[in-house]
J.: 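Below is the structure I would like to discuss, written out as structure tokens.
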Amino acid sequence: MTTATATAPADVLIGKAQDRTALIGVVGLGYVGLPLAMEFARAGFRVLGFDVNNKVVQGLSGGTSHIQDVSSADVTRFLKAEKFAATTDLGRLSEPDVVSICVPTPLSKTKDPDVNYVLAATNSVKQTLRRGQLIVLESTTYPGTTRELLLPALESTGLKVGKDYFLAFSPERVDPGNPKWNTRNTPKVVGGITETCLRVTVAIYQGAIENLVPVSSTEAAELVKILENTYRSVNIGLVNEMAIVCDKLGVDVWEVIDAAATKPFGFMKFMPGPGVGGHCIPLDPHYLAWKMRTLNYRTRFIELAGEINAAMPEYWVVRVVDRLNEQGKAARGSRVLVVGVAYKKDIDDIRESPALDVIRLLEQRGALVAYHDPHVPTLKDGDIALVSVPLAPEALRAADCVIIVTDHAGVPYELIAQHARLVVDTRNALARVHSRR
Ligand code: SAJ
């Protein structure tokens with residue numbers, strides 16, 4: 001007599017991936033989670049989004065997107081098609097067959113990884129973990145997080161990883177505002193705790209993501225993300241040091257870099273600037289440095305690059321003070337206009353922006369600081385509370401110094417060149433004006 005053998009949870013899940021009947025859960029509906037939720041819905045899966053922020057859930061349930069790369073039309077379309085719903089009720093985490101955790105991993109004040117959001121999400125998942133569920137961590141974090149923090153918590157339920165439930169890490173590669181690369185067409189790295197975990201994750205994700213890149217472990221997948229962004233931090237640190245070197249040698253660093261970039265192989269162009277901002281590059285190298293310190297190894301090279309980048313705001317403020325001094329003006333009482341405060345061009349995000357350091361350092365020296373940024377109408381950060389001023393000739397003439405910190409495309413740099421009495425250009429933005437002449 002044959003006994004019907006229960007189909008193994010892995011095979012059930014793979015089957016649900018293939019016929020799109022798997023219910024996908026996404027925890028954290030921000031710039032990573034919401035686009036991911038939309039891609040799974042677009043691929044035909046039903047998606048249940050979770051967020052602790054009631055305003056976010058209310059907005060999405062009303063068909064409004066709060067994320068620049070996700071249209072409200074898409075949210076409305078998938079709501080109507082019953083392919084997407086949002087909730088704050090984490091007790092419903094037993095419902096999804098897949099749970100992708102896309103919560104923030106900021107740094108603490110002491111530059112240590114703050115994994116409290118990941119721990120909170122893990123605890124919620126643990127409360128409702130059931131056979132057949134796949135849990136995927138997407139948040140950028142130090143290598144070992146999935147195995148050392150999530151696995152023990154989930155194993156404590158008595159369920160067995162790779163057999164009853166599945167656990168993987170897949171780093172987010174979302175570049176907000178990127179017109180070419182999005183969640184669907186950006187290759188996605190995936191690492192599982194077990195071979196079966198990897199197999200199940202690939203089966204689910206390949207339904208919504210065009211190219212998957214399986215690697216041999218969750219640590220490998222965690223390190224891939226850290227390497228990608230540390231690579232940028234180190235190369236930005238290199239060109240920032242070159243900017244200081246060229247300044248001392250009286251050479252134009254931008255000319256040197258542009259000429260070096262004509263090398264058709266073996267060189268990637270990075271540009272010096274006022275320092276590095278954003279939610280990735282200033283943070284990611286610290287995750288690795290922190291982890292390696294626990295293993296008694298100092299990532300000196302990586303930390304040094306971070307120190308150089310972090311010192312750039314002060315470097316440029318000293319340049320302003322020196323240039324004012326050459327005109328017999330003290331920094332104290334001088335009017336300085338900062339042009340561009342977002343952390344990089346053509347966006348409105350001020351997170352970790354070096355402009356905030358530049359403003360604070362100028363104000364500490366007694367300068368009277370104003371700013372103009374077409375993308376940032378008001379600037380509120382701690383003790384800074386300013387409103388963007390129009391870039392009118394009289395504002396430019398009234399400033400003792402104009403410092404260009406972020407080189408947004410929409411700023412009339414020829415007006416600055418024409419009316420500003422003194423310009424410190426951290427992005428070489430004015431050169432493009434002269435080159436256009
Ligand atoms: N920066 C420089 N010089 C450069 C490049 C950047 O000073 O040559 C500064 C920027 O002004 C900014 C900071 O560094 O303040 C970070 O710039 P970024 O271009 O790395 O932009 P981010 O922080 O938005 O990085 C994101 C990352 N994406 C993900 O983590 C998924 C990064 O991996 C991308 O490469 C980057 O976007 C991108 O290419 O746009």
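In listed order, ligands and their atoms are each counted from 1. These values consider heavy atoms only, across backbone and side chains, with no hydrogens, waters or symmetry-generated copies.
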J.: State which residues pass ring pair (Phe, Tyr, Trp, His ring centres under 6.0 Å) with Y117; sequence neighbours excluded, sorted by chain then number.
T.: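 Residues passing ring pair (Phe, Tyr, Trp, His ring centres under 6.0 Å) with Y117: none at all.
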
J.: Of M268, M271, R427, which has the heavy atom at the shortest distance from atom 11 (O) of ligand 1?
T.: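 Residue with the shortest heavy-atom distance to the ligand atom: R427.
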
J.: Looking at K188 and E210, does any basic side-chain N land under 4.0 Å from a carboxylate oxygen?
T.: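 No salt bridge links K188 with E210.
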
J.: Any idea which atoms of ligand 1 are less than 4.0 Å away from a heavy-atom of K225?
T.: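 Once the distances to K225 are compared, the set is 29 (C), 30 (O), 31 (C).
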
J.: May I ask you to check whether S100 and Y205 show a side-chain donor-acceptor distance below 3.5 Å?
T.: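 Short answer, yes.
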
J.: Just need the protein heavy atom nearest to atom 14 (O) of ligand 1, so name the residue and atom and give the distance.
T.: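 For atom 14 (O) of ligand 1, the nearest protein heavy atom is V276 CG1, 3.3 Å.
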
J.: How far is atom 24 (O) of ligand 1 from its nearest protein heavy atom, and which residue and atom is that?
T.: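 That would be Y343 OH, 2.7 Å.
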
J.: Mark up the atoms of ligand 1 that fall under 4.0 Å of a heavy atom belonging to R173, in ascending order.
T.: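 Near R173, the atoms of ligand 1 are 31 (C).
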
J.: With heavy atoms of I281 as the reference, note each atom of ligand 1 found under 4.0 Å away.
T.: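 Those of ligand 1 that fall under 4.0 Å from I281 are 16 (C), 20 (O), 23 (O).
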
J.: Are the ring centres of Y31 and H279 closer than 6.0 Å?
T.: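 Yes.
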
J.: Do F40 and F45 have ring centroids that are under 6.0 Å from one another?
T.: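 Yes; F40 has its ring centre under 6.0 Å from that of F45.
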
J.: Have N240 and Y315 got a donor and an acceptor in their side chains that come within less than 3.5 Å?
T.: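 There is no such pair between these side chains.
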
J.: What distance do E95 atom CD and Q133 atom CD have between them, rounded to the nearest 0.5 Å?
T.: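 Result: 10.0 Å between the selected atoms.
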
J.: List the residues meeting side-chain contact (heavy atoms from CB on, under 4.5 Å) with R46, not counting sequence neighbours, and say none if there are none.
T.: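 side-chain contact (heavy atoms from CB on, under 4.5 Å) list for R46, sorted by chain: L23, K83.
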
J.: Can you check which of V32, I236, D407 brings a heavy atom nearest to atom 6 (C) of ligand 1?
T.: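 Heavy atom nearest to atom 6 (C) of ligand 1 belongs to I236.
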
J.: Looking at V174, which atoms of ligand 1 are within less than 4.0 Å of one of its heavy atoms?
T.: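 Matching atoms, with element in brackets: 28 (N), 29 (C), 31 (C).
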
J.: Polar contacts were defined as any N/O atom of the residue lying under 3.5 Å from an N/O atom of the ligand; does this apply to R232 and ligand 1?
T.: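 Yes - when backbone and side-chain N and O of R232 are compared with those of ligand 1, one distance drops under 3.5 Å.
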
J.: Could you tell me whether some N/O pair between K344 and ligand 1 is separated by less than 3.5 angstrom?
T.: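 Between K344 and ligand 1, an N or O pair is found under 3.5 Å apart.
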
J.: Side chain, backbone, both or neither: which part of N178 comes within less than 4.0 Å of ligand 1 when only heavy atoms are counted?
T.: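 Answer for N178: neither.
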
J.: For atom 27 (C) of ligand 1, which protein heavy atom lies nearest, and how many Å away is it?
T.: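 Ranking protein heavy atoms by distance from atom 27 (C) of ligand 1, first comes N229 OD1, 4.0 Å.
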
J.: If you measure from OG1 on T218 to CG on L150, what distance do you get to the nearest 0.5 Å?
T.: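 That separation rounds to 9.5 Å.
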
J.: May I ask you to identify the nearest protein heavy atom to atom 38 (C) of ligand 1, giving residue, atom name and distance to one decimal place in Å?
T.: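 Nearest protein contact, heavy atoms only, for atom 38 (C) of ligand 1 is D175 OD2, 3.6 Å.
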
